[in-house]
Amino acid sequence: MSKELPISAHSPIKTARTSVIARSQTTKQSRRNTGLPRAPSQLGVARNDGCERLQLPSQYNPAEIEADIYRKWDESGFFNPDKLPARHKKPFTIIMPPPNANGALHIGHAVFVTLQDIMIRFQRMRGRRTLWLPGADHAGFETQVVFDKKLEKEGRDRSGIPRDELYREMLEFSLENKKIMEDQLRKLGASCDWSRKKFTLDPDIIKKTQETFVALYDDGLVYRGERIVNWCVKHQTALADLETKRIEEKAPLYYFQYGPFVIATARPETKFGDKYVVMHPRDRRYKEYKHGQHIELEWINGPIVATVIKDEAIDMNFGTGVMTITPWHDPVDFDIAERHTLDKEQIIDRRGKLLPVAGEFAGASIKDARPLIVEKLKAKGLLIKTEEEYSHHISVCYKCSRPIEPQILPQWFLKMAPLAKKAIEAVEKGKIVFVPGRFKKIYFHWLRNIRDWNLSRQILWGIRIPAYFCLDCEGFPDGGDYDQTRQRMENTMMWREHDPQWFTALDPRSCPQCGSHKIVRDADTLDTWFSSGQWPFLALGYPDAKDYKTFYPTDVMETGWDILFFWVARMIMLGLYRTGRVPFKTVYLNGLVRDKDRQKMSKSKGNVIDPLGVAALYGTDAVRMALTVGNLPGNDIIISEDKIRGYRNFATKLWNIQRFILLNDDAKTVRGAPKFNAKDRKAQKELKTLVKIVTKDLEAFRFHHAAEKLYHYAWHTFADKIIEDAKPRIASADPDERRAALKLLIEIQTTLLKLLHPFMPFITETLWEKLPASRSKATKGLLMVEQWPE
RNA sequence: GGGCGGUUAGCUCAGUGGUAGAGCGCUUCGUUGACAUCGAAGAGGCCAGAAGUUCGAUCCUUCUACCGCCCACCA
């Protein structure tokens with residue numbers, strides 16, 4: 001296993017120690033060292049029978065108990081909605097966003113695990129029949145990129161490895177990571193139902209995903225088209241529009257003489273095939289030229305005949321108002337060519353090298369060729385001028401940041417407009433609510449301007465497109481090396497067992513048109529978001545499973561706002577298409593985690609906080625609290641080790657609150673009805689108010705607020721005031737005073753542990769075990785299924 | 001080019017139409033029986049700027065300035 005792999009997460013302490021936080025710690029440390037040493041005898045010494053009974057050391061040590069507690073929960077069966085006590089009736093469902101099975105969990109995962117677990121635990125205690133369904137995503141392109149890096153480190157290369165062998169190796173790699181990831185979810189306290197976990201490459205998921213593709217095809221929504229796509233030269237695959245990002249680039253803008261016209265371009269290397277010159281139909285400067293008119297002119301490699309095209313896409317105010325087009329390598333040009341049924345010629349191959357059409361420049365890379373071409377045009381006297389600092393936007397691959405080289409490729413596209421229309425309606429009608437609400441606008445805007453979705457990926461890792469081609473009557477739609485690659489892959493393809501019999505376009509065994517048996521399957525795979533876009537209903541076993549009937553539509557979809565378009569919008573569209581119903585009623589979008597300096601966390605910056613590392617050091621509960629407080633929906637979260645340490649201290653505080661109670665508690669005093677005084681009653685009333693606030697906050701997804709209130713109450717009201725007030729009464733000789741004081745503390749602690757449980761499940765469950773409270777058989781003694789206080 | 005969010009204590013952020021809040025950090029003091037991973041006290045803010053609505057604005061409206069982000073096929 002290479003260093004970068006998740007296994008390294010098993011040395012968590014390293015992460016913490018190497019962090020920069022040490023400054024404040026050292027000051028504290030030194031101060032502590034100058035202070036008087038504590039008498040060691042005072043630690044954990046039993047002063048009375050109460051203390052002996054509880055055997056609580058003075059410090060909370062999460063590492064010792066967390067795994068144990070998790071096992072107890074798991075073994076109780078209560079993660080499974082079918083095994084919950086009878087009072088749990090109305091379902092409450094969250095489908096977990098399936099983490100990519102290609103690495104360890106990062107802090108962003110910890111955010112969603114925490115928030116979702118809070119909701120699930122809260123609803124479970126309130127008596128809902130909670131299902132939190134865990135899963136994992138094969139993450140097609142992402143995983144392939146990760147895997148290629150791994151190969152590279154091993155000095156290997158994917159070329160030459162047969163398709164099935166490669167696939168098997170990637171599957172193994174993914175399953176291994178998946179296991180690690182699942183184990184990490186347990187460590188974070190995720191109370192999800194492991195008996196229902198799903199993987200996007202489970203055979204039934206693959207089959208259903210392909211069925212959706214076919215259904216869309218039958219409905220005329222999926223079509224195959226020779227369309228311009230975003231081609232990444234490095235990754236050798238097409239990408240969806242969403243998988244590219246726009247960056248600003250400064251490049252020279254060249255003005256060339258093109259017959260009677262002057263044209264401007266930043267990409268001279270594409271201009272070899274330019275034989276159409278386009279201008280706006282109402283541009284008076286060029287009214288003497290007629291649409292379709294031929295003009296002879298001298299160009300890069302000799303004389304050519306250009307054709308005049310009039311199109312309204314031209315901006316009369318830009319440059320000279322005239323441009324030539326390269327339909328094969330530019331989306332705007334492609335559209336113009338489509339409108340006027342013009343020829344399209346490929347100039348650059350899929351490796352970014354110039355083709356024979358470039359004459360003497362054939363075989364050269366874009367970068368090398370560009371200055372040479374400019375030089376040649378200049379020598380021919382065709383270069384008019386150069387704007388050096390021309391700034392424009394270009395598309396780059398979101399993974400490698402290399403410029404996208406648009407290419408025309410036969411791909412499968414999904415018509416989005418009809419799907420988007422329904423997705424807009426569902427939200428307009430309030431069937432889905434966004435938290436925070438402002439994302440509604442962003443969602444609408446995107447859907448209203450949506451373009452068709454390229455589903456084809458020229459990668460191995462993923463769900464195979466269930467489409468077939470007849471070699472005899474169709475041949476492959478395109479030629480070249482791609483063709484050979486495809487055929488080589490074909491010979492060793494996997495997943496033969498899932499070959500669909502139902503594909504209506506072509507029969508895999510004989511061509512319905514010519515009867516030929518030379519049938520090959522499309523070697524491409526589906527965009528990974530096509531399967532994850534169906535996740536809520538697929539994971540629940542659509543259409544026949546009992547789970548689907550019981551738990552769909554789900555209640556909440558909780559995920560990062562950064563995948564609103566990638567995932568959430570597509571789940572809504574595909575969910576509505578396939579099931580006719582929305583996949584979830586509420587979308588809660590959490591922010592991205594940033595470090596102290598507002599920087600996005602990334603491995604390359606070295607500012608990542610490994611959630612499991614800090615959890616091992618400070619306790620999972622502390623990490624969860626740190627990720628909850630100050631975490632408003634849709635807002636980015638700033639996290640630092642200081643903050644986590646603060647909540648570790650809070651855990652210790654809770655621990656010692658209970659330690660104090662148990663230290664003084666003895667059955668004899670507590671027996672009998674307490675006589676509360678006015679101040680006690682006021683405290684009880686305050687507690688009731690707290691319950692109301694916290695409950696309301698949780699219902700309204702204000703987790704940050706609830707957590708802060710609880711923190712404040714436990715520490716500054718309960719510990720600092722109520723407990724301090726109780727001390728003299730506990731010491732008093734009057735048994736009534738003693739009893740009332742203690743009973744009050746126990747009462748508050750009981751409620752507090754319940755309220756805190758969704759946020760800090762481990763410590764509250766541990767303390768609950770030791771609390772002298774009534775236990776019902778139905779709960780098996782677990783706080784996890786106790787009744788939420790009213 | 002469209003759109004969104006932010007601007008409140010040194011830092012990270014809550015918050016409400018009625019003289020400003022938390023955590024962390026800082027200062028001083030205290031603490032041998034729950035907790036030093038602690039307690040008590042304290043310093044620290046024209047709530048970005050301007051105008052408007054209002055008896056009254058940090059909060060509502062408009063504009064401005066910065067910061068951040070998303071979307072976008074001007075060669």
Side-chain angles (χ1 to χ4, degrees), chain A residues 23-24 27-28 31-32 35-39 41-43 45 47-48 50-51 54 56 58-60 228 241-242 245-246 253-255 263-267 270-271 274 278 313-326 330-336 390 392-393 395 406 436 438-439 441-442 444-446 449 451 561-562 564-565 591-592 594 596-598 618 622 626 629-632 634-640 642-643 645-664 702 704-705 708-709 711-712 715-716 719-720 723-724 726-727 731 745:
Chain A
R23 199 180 55 86
S24 61
T27 48
K28 239 184 183 170
R31 197 189 317 144
R32 195 182 305 151
L36 288 170
R38 299 181 73 209
S41 61
Q42 122 192 30
L43 289 172
V45 166
R47 297 219 164 258
N48 58 28
C51 196
L54 66 101
L56 284 180
S58 70
Q59 284 179 26
Y60 168 53
I228 194 147
D241 293 335
L242 270 180
K245 49 180 188 184
R246 311 271 299 172
L253 183 68
Y254 304 100
Y255 287 78
I263 57 160
T265 182
R267 302 203 57 189
T270 64
K271 296 286 145 192
D274 287 12
V278 193
I314 301 300
D315 180 351
M316 287 186 269
N317 299 318
F318 185 91
T320 57
V322 179
M323 69 176 200
T324 60
I325 57 169
T326 315
D330 185 283
V332 179
D333 297 2
F334 178 85
D335 286 347
I336 293 171
Y390 174 66
H392 65 149
H393 292 269
S395 289
R438 72 182 131 93
F439 282 102
K441 267 188 275 181
I442 300 173
F444 284 149
H445 182 262
W446 189 71
N449 296 289
R451 296 163 74 193
W561 60 256
D562 54 324
L564 174 63
F565 305 143
L592 274 38
R594 294 174 190 277
K596 261 183 164 172
D597 307 316
R598 291 205 149 271
Y618 299 112
V629 176
N631 179 357
L632 274 80
N635 284 17
D636 290 349
I637 310 146
I638 308 309
I639 186 117
S640 63
D642 269 340
K643 189 174 179 187
R645 194 178 296 121
Y647 290 104
R648 187 271 318 263
N649 295 355
F650 179 55
T652 306
K653 192 72 186 177
L654 290 175
W655 186 261
N656 279 293
I657 286 172
Q658 179 141 328
R659 216 167 145 257
F660 176 78
I661 295 173
L662 297 188
L663 216 57
N664 293 291
R702 290 189 297 259
H704 69 287
H705 197 252
E708 206 176 309
K709 283 279 172 202
Y711 175 93
H712 200 255
W715 202 314
H716 301 300
D720 290 352
I723 291 183
E724 287 307 317
K727 280 181 179 171
L745 298 190

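We name chains A, B, ... by the order of the sequence lines, and we start the count at 1 in each one. Atoms considered below: every heavy atom in the structure, side chains included; atoms not considered: hydrogens, waters and symmetry mates.
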Roughly how many Å apart are B/C38 and B/G33, using the C1' atom of each and rounding to a whole number? 14 Å
Is there a donor-acceptor pair closer than 3.5 Å between any side-chain N or O of A/D330 and the backbone N or O of A/D333? yes
Check: A/Y711 ring centroid to A/Y647 ring centroid under 6.0 Å: yes
What is the distance, to the nearest angstrom, from the NE2 atom on A/H716 to the P atom on B/C35? 18 Å
Donor-acceptor pair (no angle test) under 3.5 Å: A/K441 side chain, B/C4 base: no
Which nucleotide in the set B/G39, B/C70, B/C13 lies at the smallest distance from any side-chain heavy atom of A/K653? B/G39
Between B/G39 atom P and A/K727 atom NZ, what is the distance in whole Å? 10 Å
Considering only side-chain heavy atoms of A/R438, which listed nucleotide, B/G5, B/A34, B/G23, is closest? B/G5
Using a cut-off of 4.0 Å on non-hydrogen atoms, how would the nucleic acid contact of A/K245 be classed: base, sugar-phosphate, or nothing? nothing
Write down the protein N/O and nucleotide N/O pairs, taken from nucleotides 73-75 of chain B, whose separation is under 3.5 Å; answer none if there are no such pairs.
unit_1: B/C73; atom_1: OP1; unit_2: A/R451; atom_2: NH1; d: 2.6
unit_1: B/C74; atom_1: O2; unit_2: A/D315; atom_2: OD2; d: 2.5
unit_1: B/C74; atom_1: N3; unit_2: A/D315; atom_2: OD2; d: 2.8
unit_1: B/A75; atom_1: OP2; unit_2: A/Y390; atom_2: OH; d: 2.7
unit_1: B/A75; atom_1: O2'; unit_2: A/A264; atom_2: O; d: 2.8
unit_1: B/A75; atom_1: N6; unit_2: A/D315; atom_2: O; d: 2.8
unit_1: B/A75; atom_1: N6; unit_2: A/F318; atom_2: O; d: 2.8
unit_1: B/A75; atom_1: N1; unit_2: A/D315; atom_2: N; d: 3.4

Mind checking who B/G1 pairs with, Watson-Crick or G-U wobble, both distances under 3.5 Å? B/C71
Separation of A/L564 atom CG from B/G5 atom P, in whole Å? 15 Å
List the residues meeting side chain to side chain contact (heavy atoms under 4.5 Å, CB included) with A/A651, not counting sequence neighbours, and say none if there are none. A/Y60, A/M760, A/I763
Any base atoms under 4.0 Å from A/Y60, or only sugar-phosphate, or nothing? Heavy atoms, all strands. nothing
Which residues pass the salt bridge (charged side-chain N to carboxylate O under 4.0 Å, His left out) test with A/R451, sequence neighbours left out? A/D241
Between A/K653 and A/W715 (side chain of the first, backbone of the second, donor and acceptor by atom type, cut-off under 3.5 Å), is there such a pair? no
Rounded to the Å, how far apart are A/I661 CD1 and B/C35 C1'? 13 Å
Can you see if the side chain of A/K709 gets near the phosphate of B/A22 - specifically, an N or O under 4.0 Å from OP1 or OP2? no
Figure out the CD1/P separation between A/I639 and B/U12, and round it to whole Å. 14 Å
Salt bridge (charged side-chain N to carboxylate O under 4.0 Å, His left out) filter on A/D274, not counting sequence neighbours, yields A/K271
Counting only side-chain heavy atoms from C-beta out, which of B/G23, B/A34, B/U37 sits nearest to A/N649? B/U37
For RNA chain B, whose closest nucleotide is more 5', that of A/D720 or that of A/N635? A/N635
What about A/E724: does its side chain form a donor-acceptor pair under 3.5 Å with the base of B/A40? no
Across all strands shown, which nucleotide pairs with B/U19 by Watson-Crick or G-U wobble geometry, both distances under 3.5 Å? none
Check every strand shown and say whether A/R648 touches a base, only sugar-phosphate, or nothing at a heavy-atom separation below 4.0 Å. base
Value in whole Å for how far the C1' atom of B/C13 lies from CG of A/D642: 15 Å
Test salt bridge (charged side-chain N to carboxylate O under 4.0 Å, His left out) applied to A/K245 - qualifying residues, sequence neighbours left out: none
Integer-rounded Å distance: B/G5 P and A/H445 NE2: 14 Å
Paired with B/C47 by Watson-Crick or G-U wobble geometry, both distances under 3.5 Å: which nucleotide is it? none
Side chain to side chain contact (heavy atoms under 4.5 Å, CB included) filter on A/A313, not counting sequence neighbours, yields A/D311, A/I336, A/R339
In Å, rounded to the nearest 0.5 Å, how long is the span from CD1 of A/I639 to CG of A/N631? 9.0 Å
Residue whose nearest RNA chain B nucleotide is more 5′ - A/T652 or A/Y647: A/Y647
From B/C38, B/U37, B/A34, pick the nucleotide closest to the side chain of A/I657? B/A34
Reckon A/I723 touches a base, only the sugar-phosphate, or nothing at all at heavy-atom distances under 4.0 Å? base
Tell me what A/F650 touches on the nucleic acid: a base, only sugar-phosphate, or nothing, going by heavy atoms under 4.0 Å. nothing
